[in-house]
Amino acid sequence: MKIICHGGAGHTPKVQDGVDKAAEEGWKILKETDNPTLAATAATIVMEDDFRFNAGTGSCLREDGRVQTDAAVATSDGRMSSITNLENFKNPVLIARELLDEFVTMLAGEGAVQFALEKGFKKTKVKGSEKGWTGDTVGAVAISSTGKIAVASSTGGVRGRPVGRVGDTPLWGSGFYCDKEIGILATGVGEAITKQLMCYRAYQHSNNLEKALEWGIRLLPKDTGVGMIAIRSDGQIYGTSNTSMPFKIIKD
Ligand code: GLY
């Protein structure tokens, strides 16, 4: 069993305690359930509920001052889901997780809201934060004792971007990817990550996780903040960034 969490490429070790708390919560759930999906989402919720992070309650503001969030979940048994441009739900990652078992894989805006309400999620005013850097995201990757992997990711996007803008976080292969061999997440400037199809290409680059992620980071210019975390089914676990991205690994 292993879990790795990050608090965003735009963040600093000042929020390391929040990332540690998220990893500890995810680890607790992993120990109790051996379910990596529950563990990765539990860790992500801790950061969505911590106003210092650009996700859930602390999401940054769009150009017109409103908050629109994105989230994604994927599992090594072939399921994936994401929601984008969701307004007024405090834990978007739970709505993405709910979508995992549906035929539809991605919902945006009004459709995501409708789905959330149908599934019993309650609307809550999410005011967001005027702080928030370019491209913060929070997320976690977990692996069970039997080698099942899951990834979960959530973001308020990038401060000042237009309403309706879609970053990398909800995009398969760009901000997240998971299959039997790997669970991988990106954080950073969504437009740059998307253009590089970063998660999938990094995964394809090498079986050596450290080499793969370091290569992935170098796809972007040094001054474009980006980070990645991942776990491979053979037990490799790694996180890296060209910023001071806080992250935490817990393993037995
Ligand atoms: N990486 C978060 C975003 O660009 O939306």
Side-chain angles (χ1 to χ4, degrees), residues 5-12 15 19 40 44 47-48 50 52-74 81-87 89 92-93 95-96 106-109 112 126 128-141 151-177 183-202 213 216-217 219-221 223-230 239-247:
C5 301
H6 76 81
H11 252 309
T12 67
V15 294
V19 180
T44 303
M47 292 184 279
E48 285 181 337
D50 183 335
R52 296 173 298 169
F53 293 97
N54 178 17
T57 53
S59 292
C60 65
L61 309 184
R62 300 275 167 139
E63 198 174 32
D64 67 352
R66 83 172 82 167
V67 174
Q68 293 191 316
T69 58
D70 305 330
V73 178
S81 61
S82 66
I83 52 111
T84 185
N85 292 321
L86 181 77
E87 294 188 33
F89 288 90
V93 77
I95 299 166
M106 188 172 179
L107 284 172
V126 176
S129 166
E130 287 188 17
K131 294 185 184 160
W133 179 81
T134 301
D136 287 346
T137 302
V138 302
V141 184
V151 302
S153 196
S154 182
T155 187
V158 174
R159 180 157 50 104
R161 289 284 201 276
V163 167
R165 173 260 186 190
V166 179
D168 62 297
T169 303
L171 297 181
W172 183 236
S174 296
F176 74 119
Y177 184 78
I184 179 166
L185 291 177
T187 166
V189 182
E191 286 76 6
I193 295 169
T194 299
K195 282 183 207 160
Q196 293 296 342
L197 195 65
M198 198 165 134
C199 282
Y200 189 68
R201 286 180 67 209
L213 298 200
I217 296 291
L219 287 170
L220 271 59
D223 60 356
T224 302
V226 67
M228 278 193 285
I229 60 172
T240 186
S241 173
N242 61 9
T243 70
S244 55
M245 175 185 86
F247 69 99

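Counting starts at 1 for both ligands and their atoms, in listed order.
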What atoms in ligand 1 come closer than 4.0 Å to a heavy atom of Gly167?
5 (O)

With heavy atoms and a 4.0 Å threshold, my read on which part of Gln68 contacts ligand 1 is neither

Run the numbers for me: atoms of ligand 1, each under 4.0 Å from some heavy atom of Thr137, listed by number.
1 (N), 2 (C)

Mind checking what makes side chain to side chain donor-acceptor pair (under 3.5 Å) contact with Thr194, not counting sequence neighbours?
none

Under a 4.0 Å N-O cut-off, is there an ion pair linking Arg161 with Glu191?
yes

List every atom of ligand 1 that sits less than 4.0 Å from any heavy atom of Thr169, numbering the atoms from 1 in the order shown and giving each element.
1 (N), 2 (C)

I'd like to check the side chain to side chain donor-acceptor pair (under 3.5 Å) partners of Asp223; sequence neighbours left out, ordered by chain and number.
none

Determine the sole option in Val138, Asp168, Thr137 for which the side-chain contact (heavy atoms from CB on, under 4.5 Å) test with Thr155 is passed.
Thr137

Counting only N and O atoms by type, is there a donor-acceptor contact under 3.5 Å from the side chain of Asp136 to the main-chain atoms of Gly10?
yes

Please say whether Gly188 places an N or O atom under 3.5 Å from an N or O atom belonging to ligand 1.
yes

May I ask you to check whether Thr155 has an N/O atom sitting below 3.5 Å from an N/O atom of ligand 1?
no

Give, for atom CG of Asn54 and atom CZ of Arg159, the distance between the pair rounded to the nearest 0.5 Å.
9.5 Å

The single option from Val151, Val141, Leu213 that satisfies side-chain contact (heavy atoms from CB on, under 4.5 Å) with Ile184 is Leu213

Heavy-atom contacts with Asp168 under 4.0 Å: which atoms of ligand 1 show up? List them by number with element.
1 (N), 2 (C), 3 (C), 4 (O)

Ligand 1 contact by Thr187, heavy-atom criterion under 4.0 angstrom:
no

Would Glu191 count as a contact residue for ligand 1, given that I'm defining contact as a non-hydrogen atom of the residue lying under 4.0 Å from a ligand atom?
no

Using a 3.5 Å cut-off on N or O atoms only, is Gly190 in polar contact with ligand 1?
yes

